[in-house]
Every structure is written in structure tokens, then in C-alpha cells.
Amino acid sequence: MVRMPPIATSSTLSASARRTAAPAWLVMLLVCAGQFLVVLDVSVVNVALPAMRSGLGLSELGLQWIVNAYVITFAGFMLLGGRAADIFGRKRIFVVGLALFTVASAAGGLAQQPWQLIAARTIQGVGAAVLSPATLTILTTSFPAGPARTRAIATWTAVGAGGGAVGGLVGGVLTEYLSWRWVLLINVPVGAAVLTGAALWLAESRQGAARRLDVPGALLVTGGLGLVAYGIVQTETHGWGSATALLPLAAGLMVVAVFVAVEARTKAPLMPLGLFRLRSVSSANAAMVLSGAAMFSMWYFLSLYMQNVLSYQPLWAGLSFLPHSLCIVLGSKAAPRLMNRLGAKTLAIGGAVISLAGMVWQSTLTVDGTYLGTILGPGILMALGAGLTATPVAAIATSGADPADQGLVSGLINTSRQMGGALGLSVLSTVAASRVAAGHGRAALADGYGTAFAVGAVALSVSIVLMLLALPRRRTDVAHG
């Protein structure tokens, strides 16, 4: 699930920002459609991955870049996209982001070579990072503060959750009855329709005070993360001691170090480093990186297992994910109430423990597994725990920050989840591929995917220990810890 938290407040908006040239329902429809596309494309490709591999001749490790190219650029440019919307106008940035996303979707659907598909997914991620923050700020500036805005945000959140939940099913239907290409091409007519509606009916708004865009910061963090992920992938083929792996790893770490130096000196940093002096912010983001690294890859490996080992057709693989999707939505919806009873820290740890139990169970994958005996039970635990964990960790991160920094800190926690997921997918894919290479046939594939879940369980265990030791428990602890 992807959440875009930076919410503009009425005190930061001009009078024109609070006016809309279209009925409220139409504004809601347009921005929610844009958000639905963004979230859908995080998960919709998972079921289509085996078909993409056979269609374009992708390697086992190359498959992860179909996912990671989107996630890395989405995470790296997300905060920049939100700031660009405030400066240049929410409608303008919405249109630019959606146009970029739509064109990249067409290019990906028509790709004839693996690098063309990966390049298109990269540009898609940039478009999504520009588009998604604008959807929420347009919504909050189009509805007055109070019940109307609350209902609008709730609808936006539900649509985003729905996009993540139905991604596997949509991908399965399109791959089964049309082609894997339609997993991307379906965005083109929908994107064109929303673009037309946005150009005709959305009102322009922007934040009054102009601020500098930290483009170097966004480029550096995205490039550094991409190089590190690439270096990790190369270790499977060439080993940890080879220059082919060490050079991109070292270069990536150097780029990240330069990013930190730039953020420490720029006047309008993408990621204000001073916020990490708050115990709540630093501990919650570290926990989110680790839990994201473990949980993000769940659907990726299960999709490969169901199709490559159990010989599921894409449609049945997509249908098989519905209970998982419903459980992550259920966990997310139940989390606020449970937080009031148990406390944020207790719920975060409890949710992570539930996911850990599912991940350990899922690591026992075998070549003769069944849906009821091998996939359904552990999948429900992993998904339910993930839904229960994300909300309290985000709440802890924001509770210690100043009101003016709430949106920024929320954006940071979302970025940490996506970046952790991208790096985790690189590590776990490499581990799985190494295990698969040591054997033969479907049994080796099952063993490799199971090993990936086992390593993910280790990462999640470290996250749980960190939550126990570092997350503040009470609000006063958050404020002063």
C-alpha cells in the first residue's frame, strides 16, 4: 500500500486554492483515478512477471528490475514531487505527472527488449512520484476543513488501498485473456480520459511562498539506491569479491554520502537531517526500512512460486491473492482503533510478530505444496501483520515532530518503506537465485523462494528487536526521547 501523506493546511493556501471549477464529485473522481493508477502499478505486474520473462527473455534476476525500477524512482522523487506541486501548481503537476506516467505505460507495453521495459518502468516511477502527492493536495484544497475533507481523504485512502488490493487480480485477468503488455497498456486509455478531465475541470492552486526544489538531492538518493541495488544483484553471478559487484556498491554508497552532504548544506533540503535527531523519527524510519525489506517482496515470490512451481495460470494466481489483499486492508482499517487500546508501540510489535510467524511458515515452501496448505494461511498472517504494523509506526514517527513538519515526516516514513522494499527485493532475489542455481527444476525454485522468505524473516526479526529497544512508548517519550 502506498500512502502520500503531505497534506496542505488551509493556512498555507491562497484564496484561489480553496475554489474549484468543478463539482466536488468530479474532482474526487479525477484525483482518485490518478491515485488508483499509481498504486495499482506497484503490484499489478507481479502476476505478469513469468509472462514478461518468456516474452522478452528476461533472466530470473532481471525480473526484479521490472518492480524495482518503478519503486526506486517512485520513492526517490516522491518528496520532490510534493514540493513541486506546491510551487508550480497542483493541477499543472498533476497533469505533467499523469502525462509522463501514461506515455511511459505505452512505451512499456510496446517494449521489444528488456532494457526498454525497465526504462519505461523507471519513467513510470518518476511520473507516479510527481502525480501522487498532487492528488492528495488537490483533494485537501478542494474540500473545506471538517467532515467534508475527512470523508474525501477517507475515500482517497480507500481507493489507494483498493488499487493495491486488486493489483494481482487485474494483472492475472489481463495476462490470462489478453497479454502481459496490457498490464501496462490499460493505463493509456484511462490516463488519457483522466488527463482530459483534469485539463477541463480541475482548478489551479499553489502555495503562496516560493521554495527552492532540491533536484540534486532527489537525483542523488535515487541514483545511489539504484547503484547499491545493482551491486547486490551482481553478487549472485560474480561473487562479493568481484569488481563487477564491488564497484557499483562502492559507487552507490559514495553517492548516498554525497546526498547526505548536500542535504546538510542546502537551504531547502529534500530530507532535513535534523529531523533524525528525534528518537521517534530515526527509530521509526529504521524499523520501517527493515520491515519494508522483509514484507515488500511477499507477493513477488508468491507469484513466481504459484506460476513457476505449482503451474497456476495467471488468472488463478491473481485470484489467489484476494484473501491476502483483503487482510492487509482489514489490518490497516483496524489499526487506528487498536492503537487507542493497546498503544502504538505494542500494536506495531504485535503486527510485526504476526507477519514474522507467517513468513517463517511461508519459508517451508515445497514443490508439492497446495493453496490451502502452503499459501493461504501464511499469506493471511503476513498480510494482516503488515496492515497492523504500518499505521502505528507512522504514527510514532509523526507524533514527535512539530506540526509544521508532520507532512514531511509522513513522507519520509513512506519513502523509507519503499526504499527498504527495493533494497530488500534486491537482496532476497539474489539469495533466491543463488539457491535455485544450486539445484535443478521446480524443486530448486521452491527451495530458492522458501529461502528468500527465511532471510526476510531474519530481517523482520531485527526490525522487531529495534522496535522493542528504540521506539518510544508514550507521547512524552516521543517528544523528549
Side-chain angles (χ1 to χ4, degrees), residues 1-6 35 38-39 41-43 46 64 67-68 70-82 125 128-129 132-133 136 157 160-161 163-165 167 218 221-222 225-226 228-229 270-271 275-276 280-300 325 328-329 331-332 335 344 347-349 351-352 355-356 359 382-398 401 406-428 456 459-460 462-464 466-467 470-471:
M1 234 179 327
V2 178
R3 300 181 185 183
M4 288 304 310
Q35 179 67 2
V38 166
V39 178
D41 265 63
V42 176
S43 58
N46 283 328
Q64 68 174 274
V67 178
N68 261 357
Y70 184 83
V71 174
I72 288 175
T73 50
F74 188 10
F77 286 92
M78 192 184 302
L79 296 176
L80 186 73
S132 190
L136 185 53
T157 303
V221 71
T222 305
L225 183 65
V228 170
L270 187 69
M271 188 179 293
L275 287 174
F276 288 96
S280 57
V281 174
S282 56
S283 61
N285 275 274
M288 189 61 83
V289 167
L290 287 168
S291 61
M295 296 177 183
F296 181 84
S297 305
M298 175 175 65
W299 284 277
Y300 177 87
S325 302
I328 199 169
V329 172
S332 300
L347 181 60
I349 294 170
S355 273
L356 176 61
M359 202 160 286
M382 288 188 292
L384 181 63
L388 291 172
T389 301
T391 299
V393 172
I396 290 172
T398 57
Q406 293 286 313
L408 178 59
V409 173
S410 297
L412 288 177
I413 201 76
N414 191 55
T415 299
S416 294
R417 177 168 49 235
Q418 300 296 324
M419 289 186 171
L423 289 177
L425 180 59
S426 298
V427 172
L428 298 181
L460 191 53
V462 176
S463 179
I464 291 170
L466 179 62
M467 291 181 195
L471 285 185

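Predicted model only: the values in this text are computed from it and were never measured.
- The heavy-atom pair separating Leu347 from Ala335 by the smallest distance is CD2-O, 3.4 Å.
- Here the side chains of Ile72 and Gln418 are not in contact, with every heavy-atom distance at 4.5 Å or above.
- To the nearest 0.5 Å, atoms CZ (Arg417) and CE (Met295) are separated by 10.5 Å.
- For the atom pair OG of Ser132 and CD of Gln35, the computed distance is 3.5 Å after rounding to the nearest 0.5 Å.
- Closest non-hydrogen pair, Ile328 versus Ala386, comes out as CD1-CB, 4.1 Å.
- Considering every non-hydrogen atom in both Gly76 and Thr222, the closest pair reads CA-OG1, 3.2 Å.
- For Ser416, the side chain to side chain donor-acceptor pair (under 3.5 Å) partners at least two apart in sequence or on another chain are Asn285.
- In this structure, CE on Met419 lies 12.5 Å from CZ on Phe296, to the nearest 0.5 angstrom.
- In this structure, the separation between CE on Met298 and OG on Ser355 is 7.0 Å, given to the nearest 0.5 Å.
- Looking at heavy atoms from C-beta onward, Phe74 lies out of side-chain contact with Asp41 at the 4.5 angstrom threshold.
- Of all non-hydrogen atoms in Asn68 and Ser426, the two that sit nearest each other are ND2-OG, 3.0 Å.
- With sequence neighbours left out, Ala352 forms a side-chain contact (heavy atoms from CB on, under 4.5 Å) with Thr389, Leu460, Ile464, Met467.
- Contact detail for Gly456 and Ala294: the closest heavy-atom pair is O-CB, 3.2 Å.
- Expressed to the nearest 0.5 Å, how far OG of Ser282 lies from CG of Leu471 amounts to 9.5 Å.
- With values rounded to the nearest 0.5 angstrom, Ser332 atom OG is found 7.5 Å from Leu388 atom CG.
- Put simply, the side chain of Tyr300 does not reach to within 4.5 Å of the side chain of Leu428, judged on heavy atoms.
- Nearest approach of Ser463 to Ala287, heavy atoms of both residues: OG-O, 3.1 Å.
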